[in-house]
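Model, not experiment: these values are computed from the prediction.
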Amino acid sequence: MAEKYDHAAIEKKWQERWEKSNAFAADDTSAEPKKYVLDMFPYPSGEGLHVGHPKGYIATDIYSRHMRMKGHNVLHPMGWDAFGLPAENYALKNKIHPRVAVEQNIATFKAQLAHIGFDYDWSREINTTDPSYYKWTQWIFLQLFKKGLAFQSNEPINWCPSCMTGLANEDLDGAACERCGTVVEKKKLPQWVLKITAYADRMLADLDALQWPEHIKEAQRNWIGRSEGINITYEIVDSNERVVCFTTTPVNFGATFIVLAPEHPLVFKITTKDQSAAVVAYVEQARSKDAIERAAQKEKTGVFTGAYALNHVTGKQIPIWVADFALADVGTGAVQGCPGHDMRDFEFAKKYGIAIPRVVVGMDGNTGPIDSPEKVIEKGTPGKMINSDFLDGLEFSVAMEKTKDYFESKGWGKKVVNYKLKDWVFSRQRYWGEPIPIVHCPKDGAVAVPEKDLPVLLPEVKSYEPSGTGESPLAAITDWVNTTCPMCGGPAKRETNTMPQWAGSSWYYLRFMDPHNDAALVGKDKEKYWAPVDVYVGGDHAVRHLIYARFWHKFLYDIDMVSTIEPFARLEFLGFILAEDGRKMSKRYGNVINPDDVVKQYGADAFRLYEMFMGPFENTTAWNTASINGVSRFVERVWRAQELVQAEDCKALERLLEQTVKKIGEDIEAFKFNTAVSQMMILLNAIEKEKTVGKNQWKKFLQLLTPFAPHIAHELAEKAGWNREEWEQWPTHDPAKLAADVVKIAVQINGKVRATIELAPDAPEAEALMAARAAVEKWLAGGEKKAVYVPGKIVNLVVPDAQSGRGAD
RNA sequence: GCCGGGAUGGCGGAAUUGGUAGACGCAAAGGACUCAAAAUCCUUCGACCGCAAGGUCAUGAGAGUUCGAUUCUCUCUCCCGGCACCA
C-alpha cells in the first residue's frame with residue numbers, strides 16, 4: 001500500500017521547485033509558436049481573494065500549461081491594478097497611506113495565489129502604481145494630448161457627492177455612482193476629456209471579427225449606441241435664432257411641435273414675455289429633479305415658450321415647447337414632435353391639445369384620425385405614406401431615406417451619425433491616481449510636461465482626503481503645484497487632477513510584453529512577437545475596461561506603437577462564483593470562502609479541479625463545499641491507482657484512452673473544462689474496473705491530468721521515473737484507434753427505442769435491418785411501412801399507427 | 001419597450017450539433033468491512049403502473065416540420081444580462 005496522499009507536503013514541494021527553476025519564464029524570441037494568455041489582472045483589495053477570484057486564473061493556468069506541453073512558447077503573466085478609489089478609501093478607513101495599503105494587499109494576494117500552483121512568469125510582474133509603470137500611462141496621455149484627443153472642457157459632468165469626484169458615463173449605474181450608489185449631480189468643472197467618440201465607428205465595426213462572447217459584443221454595441229439620422233435646422237418665426245433637431249425618423253409632414261430640453265441654451269432666448277414666468281418656473285422645477293426622478297414621472301410635462309418654428313414641408317408654424325422628456329445630452333437636446341408616429345410625442349400632443357396628423361397608414365389599413373395610443377404607427381413598423389405630398393404611397397422606411405436626401409438637398413438638414421457613447425471624462429478629484437502630466441501657464445495655457453521629465457511623481461502627502469470642493473487634494477501641496485512652464489520658463493501651476501482608475505488597466509497587457517523597458521512602453525520587436533493577446537479571460541467589465549482598452553489600443557495603433565488593430569483576439573467570459581447561500585460573496589454577508597482554507601483542507605489540485613468541474617466556465621454557480629468531496633476523492637483515487645500500473649498495456653482501456661486524449665485536448669481549447677474533468681473521471685473509473693493500466697497508458701493519463709492537477713501529476717510522474725522531456729508533452733491520439741469494431745445500435749419502432757443490437761459501425765443496410773427486425777419481432781405483426789438505417793447510430797422501423805402504442809398485452 | 005443569453009432528476013450539470021435523454025459528480029437510501037465511527041468497497045437512485053418481464057409519461061408551456069426533436073420553426077411564460085423618456 002502506498003502512503004495516503006499528503007497534498008500539503010507534495011504541493012509545497014512542487015511549488016517551491018517551480019519557483020526556484022523559474023519554470024514558466026516566457027521567451028521573447030523563441031521560434032516555437034507563441035501564445036499570450038492573460039487574466040484580467042486583479043485589484044488588490046483589503047479583503048483578500050475569495051474563491052471566486054481564482055476561477056479564471058485556474059482556467060488560464062490549465063490553458064497555458066496545456067499549450068506549453070504542446071510545444072508553445074507561452075506568456076502567462078500577473079500584475080496589479082492598484083490605483084483608484086477602492087484602495088484610497090481602504091487607506092482612509094484604516095488610516096494608512098494608500099501606498100502602504102496597496103503593498104500589504106498585494107503581499108496577501110500573492111501569497112494566496114502561490115498556494116494554488118499557478119504557472120505565472122513572475123519576472124514580469126507589474127503594478128500600475130509603480131512610477132516606472134505610470135510613466136508610460138502618462139506618456140500615452142501626452143500623445144493623446146498632442147493629437148488633440150485629450151482636451152479640456154467645462155461642460156457639466158457627473159459628480160458623485162459621496163465619492164467627491166467627477167465620473168465618466170461608464171462609471172454610472174443608471175443615474176447613480178456605480179461604486180456607492182449615490183445619485184450623481186451635474187456639476188460644471190474644468191475637466192480633461194478623452195475623445196473616445198472619435199473611435200466609435202471603428203470600435204463598432206471591428207467587434208464583428210473578434211472571437212468574443214456575443215453578449216459582450218452586444219453590450220459594447222449598445223453602449224456605443226450608433227444611430228443614423230439627420231439634424232434638421234428650423235427657422236424660428238420673428239427671430240434670428242434657429243433650432244436644430246436630431247431625428248432618425250423625419251416624419252416631417254407630421255411634425256407639429258418642437259421640444260427643447262430645459263437645459264437647452266435657446267430656451268431663454270426665444271421665450272416670449274407672456275410665457276417667461278411659466279418657463280422659468282418649469283425649468284426651475286426640472287432642475288430640482290435628478291435624472292431618475294425625471295424618468296420616473298408617469299406623465300409628460302412641459303410648457304409653451306410662446307415661440308414658433310416653421311415646418312419646411314407643411315409651411316405651418318409649429319409651437320416650441322420646453323419639456324423635461326427631452327434630454328440635454330441626447331442628440332441636439334431638441335426634438336421635433338411627430339405625434340402620429342411616436343408614442344412619446346403622442347402622449348405629449350394629446351395632453352396639450354397639439355394636432356396629431358396621420359402621415360403613415362399601417363398594416364391595419366386604417367386611414368382615420370389617430371386618437372388612441374394603439375393607432376400610433378412607430379418607426380420600424382411597416383406602413384405606407386399618406387398626406388405627405390411627394391412621399392405618398394412610399395414604404396415608411398423608404399420615405400424616411402428620401403426625406404433625408406430631400407432635406408439635405410434643400411439645405412434644411414444634414415445627415416449625421418449620433419452616438420450614445422460620450423467622450424471619456426478623465427479627471428478625478430482624488431489623490432490616489434496618476435497625476436495628469438500637464439502644466440498650466442498663464443501665458444501658454446495647458447502645456448505638456450516634456451517626455452524626458454516623466455514620470456510626474458505623485459507627491460507624498462500627509463492628508464490626502466478629498467476636498468469635496470471639486471479640487472484635488474494635490475492642489476493643497478503648493479511646492480508641488482508651483483512649477484515653471486516648460487515652454488516659457490515662467491511661473492506655472494501643475495494640473496492637480498488625477499487619472500481615473502481605468503487608465504492603468506487600459507494598456508497593461510502591452511507592458512507584460514516588455515516590462516522592464518525604460519525607453520518605450522513596449523519595444524517594437526517584443527510587441528510584434530507577442531501581440532495580440534491570444535486568450536483574455538475575465539468577467540464583468542463588459543463595457544468599461546474592455547472599451548477603454550480597445551480605444552487606447554486603436555490610438556496606439558494609429559501612432560504606430562502597436563501592430564494590431566485590436567488588443568484581445570479572443571475573450572472568454574468568466575461566470576462568477578456565488579456563496580453557498582446564493583448571494584454574492586461579501587464580507588458584509590459573512591459568506592466569504594477563502595481559497596486558503598479550501599487548499600489547506602483539500603489541496604490545491606482538488607480546489608482547481610472543483611472550480612473547473614462546477615459547471616460550464618461561463619456559468620454563474622454557487623459554491624458547494626459538499627461537492628468538493630467528489631474531486632477530492634478523485635485525487636485520492638488517482639494516487640491509489642499508481643499501484644495498478646503494469647508494464648503491459650491494458651487492451652480494454654485502449655479505445656477509451658484514445659477518446660480521452662482527443663476529448664480533453666478539444667475541451668481545453670474550447671474552455672469546456674467541466675466535461676474534460678468528467679472525462680478523466682470516466683477513464684479513472686475504467687482503470688479501476690480493469691484493475692490494471694499499462695505504464696505507457698498511465699503516462700498518458702498523467703499527462704492529461706497535469707494542466708488540471710499539476711502537483712499530483714508531477715509527483716506521480718517523478719515516482720514512475722520519467723524525466724521532464726520524456727513526459728512533459730501533450731499526448732497524441734491515433735484516430736484509427738478511435739473506431740470500435742462493434743457498436744450498440746438502438747432499434748426504434750416509430751421513434752421509440754424497443755431494443756438494442758450490436759453491429760459493426762459500417763454494417764450494410766440489409767444486415768442491419770435483418771438483425772433489427774429479429775430483435776423487435778413482436779412489434780412488426782401489423783406490417784412495416786418504412787425502415788430508416790443510420791450506420792453506427794440507429795434503426796427506425798415505421799409500422800402502422802394501431803400497432804405502435806401497445807405492447808404484448 | 002429594444003437587444004443578447006437561458007429554462008433538462010433532490011442539486012451542479014452531460015448529450016458527438018437531428019439519432020438510445022439524464023454522462024460525470026454531489027446528496028440520499030440499503031449493504032459489506034469495523035467493538036464503533038471515519039475512510040473505503042458493493043448496490044439502488046426522473047415520475048408512474050407492475051412480483052417480474054415489460055410498459056406509459058417525461059428536457060418551462062403549446063403548436064409545427066421530421067421515420068425520429070433537449071437540439072430546427074412559430075407562439076407564449078418565467079429567469080439572468082446589456083441599453084433605455086435615445087428622439
Side-chain angles (χ1 to χ4, degrees), chain A residues 4 174 213-227 229 245-250 259 261 291 294-298 300 323-327 329-338 342-345 347-348 378-380 418-420 542-543 573 575 609-610 613-616 618-631 633-634 636-637 640 659 662-663 666 672 674-685 688 744-756 778 785-790 792-799 805-809:
Chain A
K4 197 171 153 35
E214 194 49 43
H215 72 275
I216 305 238
K217 292 196 200 183
E218 201 54 33
Q220 295 223 342
R221 287 190 195 106
N222 284 340
W223 190 258
I224 294 168
R226 184 181 202 271
S227 59
C245 299
F246 173 76
T247 179
T248 56
T249 321
V259 169
R294 280 207 212 176
Q297 298 174 118
K298 281 200 192 73
K300 305 278 167 279
D324 63 6
F325 77 76
L327 305 177
D329 51 5
V330 175
T332 58
V335 197
Q336 55 176 27
C338 309
D342 180 284
M343 196 54 76
R344 196 192 42 204
D345 294 351
E347 283 172 31
F348 191 78
E378 293 194 87
K379 66 170 172 187
N418 205 32
Y419 297 97
K420 201 188 79 67
V543 171
F573 185 82
L609 284 163
Y610 172 63
F613 190 56
M614 285 177 87
E618 69 278 9
N619 275 21
T620 295
T621 324
W623 183 264
N624 183 351
T625 299
S627 286
I628 307 176
N629 287 335
V631 286
R633 281 175 201 148
F634 172 76
E636 299 283 345
R637 282 162 54 207
R640 271 179 262 137
Q659 285 172 341
K662 179 168 187 279
K663 178 154 180 62
E666 287 169 356
K672 288 162 78 174
N674 56 330
T675 50
V677 174
S678 109
Q679 185 66 30
M680 283 186 294
M681 290 172 167
I682 291 171
L683 181 57
L684 181 65
N685 288 350
E688 287 178 343
K744 279 190 180 163
I745 281 189
V747 182
Q748 300 182 327
I749 298 292
N750 290 0
K752 280 179 187 152
V753 179
R754 298 298 178 188
T756 43
K778 66 174 177 178
K785 287 205 297 194
K786 186 175 176 179
V788 179
Y789 170 51
V790 182
K793 300 259 159 103
I794 207 153
V795 173
N796 191 13
L797 302 175
V798 184
V799 302
R806 284 287 109 88
D809 52 355

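The distance between atom CG of A:N750 and atom P of B:C67, rounded to the nearest whole Å, is 11 Å. Here B:G25 presents its P atom at 12 Å from CD of A:Q679, a figure rounded to the nearest Å. In this structure, A:E636 places its CD atom 16 Å from C1' of B:G25, rounding to the nearest Å. We find that CZ of A:R637 is positioned 13 Å from C1' of B:C26, with the value rounded to whole Å. Atom pair A:L609:CG and B:C24:C1' shows a separation of 13 Å (rounding to whole Å applied). Between the CG atom of A:L797 and the C1' atom of B:G68 there is a distance of 12 Å, given to the nearest Å. Rounded to a whole Å, the CG atom of A:L683 is 18 Å from the P atom of B:A23. Rounding to whole angstrom units, CD of residue A:E618 and P of B:C80 are separated by 18 Å.
Side-chain atoms of A:M681 and A:V631, non-hydrogen and from C-beta on, do get closer than 4.5 Å to each other.
Here, B:G54 and B:G9 have their C1' atoms 23 Å apart, quoted to the whole Å. As rounded to the nearest Å, B:C24 and B:A14 have C1' atoms that lie 7 Å from one another. Taking atom P in both B:C83 and B:C11, the straight-line distance is 32 Å, to the nearest Å. To the nearest whole angstrom, the two P atoms, one in B:C42 and one in B:C33, are 15 Å apart. Comparing the P positions of B:G31 and B:G13 gives an interatomic distance of 33 Å, to the nearest angstrom. Comparing B:U71 with B:G64, their P atoms are spaced 15 Å from each other, to the whole Å. Nucleotides B:G18 and B:G1 place their P atoms 33 Å apart, quoted to the nearest Å. Straight-line distance between the P atoms of B:A28 and B:C67: roughly 48 Å, to the nearest whole Å.
In this structure a side-chain-to-backbone donor-acceptor pair under 3.5 Å is present from A:Y610 to A:N624. Side chain of A:E347 to main chain of A:R344: no donor-acceptor pair is present (N/O by atom type, distance under 3.5 Å, no hydrogens or angles). Panel note: side chain A:N619, backbone A:G575; no donor-acceptor pair is recorded below 3.5 Å. Judged purely by atom type and a 3.5 angstrom limit, A:N750 uses its side chain to pair as donor or acceptor with the backbone of A:V799. Of the possible polar contacts, none joining the A:N418 side chain to the A:S227 backbone as a donor-acceptor pair under 3.5 Å is found.
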Tabulated below should be each protein N or O lying under 3.5 Å from an N or O of nucleotides 84-87 of chain B; please produce it.
residue	atom	partner	partner atom	Å
B:A84	OP1	A:K420	NZ	3.1
B:C85	O3'	A:R344	NH1	3.4
B:C85	O2'	A:F325	O	3.0
B:C85	O2'	A:R344	NH1	3.3
B:C85	O2	A:K300	NZ	2.4
B:C85	N3	A:K300	NZ	3.4
B:C85	N4	A:R294	O	2.6
B:C85	N4	A:Q297	NE2	3.2
B:A87	OP1	A:K379	NZ	2.5
B:A87	O5'	A:K379	NZ	3.1
B:A87	O3'	A:T247	OG1	2.8
B:A87	O3'	A:T248	N	2.6
B:A87	N6	A:L327	N	3.2
B:A87	N6	A:L327	O	2.6
B:A87	N6	A:V330	O	2.9
B:A87	N1	A:L327	N	3.1
B:A87	N3	A:R344	NH1	3.2
B:A87	N3	A:R344	NH2	3.4

At a cut-off of 3.5 Å, list every protein nitrogen or oxygen paired with a nitrogen or oxygen from nucleotides 1-4 of chain B, distance to 0.1 Å.
residue	atom	partner	partner atom	Å
B:C3	O2'	A:E218	OE2	2.5

If you restrict it to nitrogen or oxygen atoms, what contacts under 3.5 Å exist between nucleotides 9-19 of chain B and the protein, and what is each distance?
residue	atom	partner	partner atom	Å
B:G12	O2'	A:M614	O	2.2
B:G13	OP1	A:N619	ND2	3.3
B:G13	O3'	A:N674	ND2	3.4
B:A14	OP1	A:N674	ND2	3.0
B:G19	N2	A:Q748	OE1	3.4

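Look at B:G81: its glycosidic torsion is beyond 90° from 0, and that puts it in the anti range.
Distance check, rounded to the nearest 0.5 Å: CD of A:E618 to NZ of A:K672 gives 9.5 Å.
A salt bridge does not link A:R633 to A:E636: none of the charged nitrogens lies less than 4.0 Å from a carboxylate oxygen.
With both pairing distances under 3.5 Å, B:G81 is matched to B:C3 as a Watson-Crick or G-U wobble pair. Across all strands shown, B:G10 forms a Watson-Crick or G-U wobble pair, both distances under 3.5 Å, with B:C26. Remark: B:C86 base-pairs with no nucleotide in the shown strands. Criterion, Watson-Crick or G-U wobble with two distances under 3.5 Å. Across all strands shown, B:C51 has no partner, as no Watson-Crick or G-U wobble contact with both distances under 3.5 Å is found. Here B:U40 sits opposite B:A32 as a Watson-Crick or G-U wobble pair (both hydrogen-bonding atom distances under 3.5 Å). When Watson-Crick and G-U wobble pairs are counted only if both distances are under 3.5 Å, B:C72 pairs with B:G64.
In this view, A:E378 satisfies the salt bridge (Lys or Arg N to Asp or Glu O under 4.0 Å) rule with no residue, not counting sequence neighbours. A search for side chain to side chain contact (heavy atoms under 4.5 Å, CB included) contacts involving A:I794 returns A:A746, A:Q748, A:V790, not counting sequence neighbours. For the side chain to side chain contact (heavy atoms under 4.5 Å, CB included) test, residues two or more places apart in sequence or in another chain that qualify with A:A291 are A:A175.
Between A:N796 and the choices A:I749, A:V753, A:V788, the side-chain contact (heavy atoms from CB on, under 4.5 Å) rule is met once, by A:V788. When A:Q679, A:R637, A:R640 are each tested for a side-chain contact (heavy atoms from CB on, under 4.5 Å) with A:L684, only one passes: A:R637.
Phosphate proximity of B:G54 to A:R754: absent, as no side-chain N or O sits under 4.0 Å from OP1 or OP2.
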